[in-house]
Structure formats: C-alpha cells, structure tokens
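Below you'll find the structure, written out as structure tokens, and then a few comments.
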Amino acid sequence: MRDLHAKKQRVPHNRVKKPPKERKPINWGPILKWLSRGIGASAICAVAGFGGWKAYHLVSRTTLLRLETIEVSPLKKVSRDELITLAGVRPGDSMLGLDLKTVMARLAKNPWLEQVQVRRYFPHTLSITASERTPQAVANVGCLYYLDEKGVLFKSLAEGDRLDFPLITGIAEEDLAQDPKGSQEALKSALQLIGTLKSGSVFSLADISEIHYSKGYGFTLFTMQGGVPVKLGNGDFSQKLARLSNIYRDLKPQMHALDYIDLDYIDKIIVKKV
C-alpha cells in the first residue's frame with residue numbers, strides 16, 4: 001500500500017559556479033596629483049597670508065606711513081586740542097593702524113558735536129570735520145538741558161554754561177520716557193513759539209521770563225515784568241501775539257495789577273485784574 005504521507009525528496013540541481021570578478025588595481029596617480037595640488041595651494045595661501053601679515057606690520061612700522069598732520073575744522077565750543085585728545089590720535093601714529101570708526105565713536109561722546117567725519121589721506125594726514133549744535137533754549141526736565149534747533153535735548157548744564165536762553169518748563173523726565181514723541185512735538189512747538197517771539201517788535205522774547213507747557217492745555221507765557229501769565233494754548237501763535245501787541249503798550253504800566261491775560265480766543269483778549 002502506498003504511504004501518502006511520505007516526504008518527497010528533492011533532487012538537488014547542480015548549480016554552475018560563476019567565475020570570480022577580476023579586481024582592477026587602484027590608479028593612485030590622479031588621486032595623489034589632486035591631493036598634491038590641494039596641499040600646494042593651501043601652503044601657498046598660508047605663506048602668502050603670513051607674508052602679507054608680516055609685510056603689513058613691516059609697512060605700518062615704517063616712518064614712511066606715519067601721521068604727521070591733523071587737520072581740524074574750526075569750532076566754537078570745542079577747541080582743537082580737546083578734539084584731538086578726544087579722538088585719541090597723535091603725530092607719529094601708524095597711518096595704517098588708525099581705526100577711523102573708533103575715532104568717530106570717541107568724538108561722538110562730546111554732546112556739542114552733531115556730525116563728525118574722519119578721513120585719512122596718505123601718506124601723512126588725518127582730517128577731522130565736525131559741526132556743533134547751537135542752543136536755542138534751556139529746558140527744565142528735572143535738570144537743566146540745552147535744546148538745539150531740532151528740538152533735541154543734547155547736554156545737561158554744568159557750572160560755567162550760559163543761562164541767557166529762553167526757559168521752557170512743564171515737561172518732566174517721566175514725559176520724555178513715557179511719551180517721547182509727544183514730548184518731542186511739544187519741544188518743537190516751543191521753538192516755533194520762540195521764533196515768533198523773536199520777530200516781535202512790541203511784545204517780544206525780551207518780555208518773557210518763562211515758557212510753560214501743559215499737556216492738557218498748551219502754552220502759557222510768564223512776563224518778565226510782574227510774572228503775569230499770558231495764556232496761548234496751542235497753535236496760531238503769530239495771530240494771538242499780534243493781537244496782544246496792539247494793546248501791550250497800554251497794558252505794560254498796569255502789569256503788577258493784572259491776574260492774567262488770555263489770548264486763547266479767535267477774536268478777543270481777556271485781561272483780568274487782580
């Protein structure tokens with residue numbers, strides 16, 4: 001009887017073995033040639049860099065490129081000697097070693113200097129051109145500061161500084177920090193008001209002791225004679241002051257008897273007596 005569960009034996013097939021691949025020898029010639037070129041180029045760059053560095057130091061030490069002449073634009077507030085000392089340069093310095101950006105940064109520390117330009121002219125000259133700020137008023141913002149024609153507070157007053165400028169009050173340090181844009185606009189408006197007062201012939205800047213600014217109201221002037229408040233508010237300074245000029249000659253003898261003058265109207269003036 002036939003056994004159905006008997007395992008069939010597989011007859012192994014004879015496999016044909018493939019012949020081994022023939023390995024080609026590595027051609028080291030191009031590789032070594034490429035490496036030699038790279039190493040050679042690196043060596044040349046290193047030698048050139050080192051040579052350039054040595055040449056730079058050699059040239060910078062030579063007397064042919066030494067600073068001899070320092071040209072300085074004439075200024076009113078800052079003397080030539082102060083400017084050169086602040087710049088940190090002196091005759092004999094290496095022309096190649098001068099760092100012009102560093103020199104300009106040193107000069108910018110002086111608050112009187114608005115714009116500074118430093119140029120180097122080989123072989124022996126350094127030129128320093130500067131422009132100064134001009135005070136237009138003194139602003140009391142917690143301490144006294146000079147105000148320039150652009151409305152910039154640029155220098156705190158020290159002993160010996162001139163005080164014969166219009167005085168602006170009412171803007172505090174907190175206002176400058178919390179509302180810098182609004183404070184800047186107020187200072188610019190104060191300068192416009194000062195310009196209008198300077199052009200006055202009857203009531204002028206000489207009649208004013210203080211220009212006070214209030215954020216909620218605007219400007220109030222205080223007269224030199226009697227300290228009488230002259231209320232202006234904001235804007236239309238020329239028209240308001242022109243109306244006051246029409247009656248100021250009559251009011252001047254009575255200033256000590258006046259409580260205030262209100263010009264903040266379109267077509268009238270209110271004069272209140274004490």
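Values reported hereafter were calculated over all heavy atoms of this structure, with side chains retained and with hydrogens, waters and symmetry mates removed.
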### Summary
So CZ of R120 and OG of S127: to nearest 0.5 Å the spacing works out to 12.5 Å
### Query
Counting distance only, does the side-chain N/O of H256 pair as donor-acceptor with the main-chain N or O of G226 below 3.5 Å?
no
### Task
Check A130 against S73 and note the closest heavy-atom contact, atom names and distance.
N-OG, 3.0 Å
### Message
Using modelled atom types and a 3.5 Å cut-off, is there a donor and acceptor pairing between side-chain atoms of Q225 and backbone atoms of K252?
### Response
yes
#### Entry: Shortest non-hydrogen contact between S199 and T196, atoms and distance
OG-O, 2.8 Å
### Task
Please confirm whether the backbone N or O of G151 pairs with a side-chain atom of Q184, one donor and one acceptor, at under 3.5 Å?
yes
### Message
Is the positively charged end of K155 above the ring of Y145, judged by distance under 6.0 angstrom from the centroid and angle within 45° of the axis?
### Response
no
### Task
Nearest 0.5 Å please: distance from the CG atom of L251 over to the CG atom of L258.
6.0 Å
#### Entry: Basic-acidic side-chain contact under 4.0 Å: K215, D179
yes
### Query
Is there a donor-acceptor pair closer than 3.5 Å between any side-chain N or O of D148 and the backbone N or O of V152?
yes
### Query
In Å, rounded to the nearest 0.5 Å, how long is the span from OG of S204 to OH of Y248?
8.5 Å
### Task
Could you grab the distance from atom CG of L167 to atom OG of S209, nearest 0.5 Å is fine?
8.0 Å
### Task
Would you mind reporting whether L193 and L241 have side-chain heavy atoms less than 4.5 Å apart?
yes
### Query
Does D264 pair with K240 as a salt bridge, N-O distance under 4.0 Å?
yes
### Summary
For D259 and P229, the nearest pair of non-hydrogen atoms, with its separation, is O-CD, 3.2 Å
### Task
Identify whether the distance between the nearest side-chain nitrogen and carboxylate oxygen of R162 and D164 falls below 4.0 Å.
yes
### Message
If you compare all heavy atoms of M104 against all heavy atoms of V116, which two are closest, and at what distance to 0.1 Å?
### Response
CE-O, 3.2 Å
### Query
Under the 3.5 angstrom rule, does the side chain of T223 hit a backbone N or O of V228 as a donor-acceptor pair?
yes
### Task
May I ask you to decide if L86's main-chain N or O and R106's side chain share a donor-acceptor pair within less than 3.5 Å?
no
### Task
Give the ring-plane orientation class for F165 versus Y146, where under 30° counts as parallel, over 60° as perpendicular and anything between as tilted.
perpendicular
### Message
Using 0.5 Å steps for rounding, measure from the CG atom of L244 to the CZ atom of F203.
### Response
5.0 Å
### Query
So, does R66 use its side chain to make a donor-acceptor pair with the main chain of G92 at under 3.5 Å?
yes
### Task
Give a yes or no on whether R80 atom CZ has more than 12 heavy-atom contacts from other residues, nucleotides or ligands under 6.0 Å away.
yes
### Query
Short question: side chain of D93, backbone of R90 - any donor-acceptor pair under 3.5 Å?
yes
### Query
Do I194 and I168 have side chains that get closer than 4.5 Å, going by heavy atoms?
yes
#### Entry: Salt-bridge present (E114, K150; N to O < 4.0 Å)
yes
### Task
Classify the side-chain pair T220/H212 by whether it contains a donor and acceptor separated by less than 3.5 Å.
no
### Query
Is there a donor-acceptor pair closer than 3.5 Å between any side-chain N or O of Q254 and the backbone N or O of D250?
yes
### Query
Taking side chain as C-beta onward, heavy atoms only, is T125 less than 4.5 Å from L67?
no
### Query
Counting N and O atoms only, with roles assigned by atom type, does the side chain of E132 sit under 3.5 Å from a partner on the main chain of K77, one being a donor and the other an acceptor?
yes
### Summary
In this structure, CH2 of W112 is separated from CZ of F154 (nearest 0.5 Å) by 4.5 Å
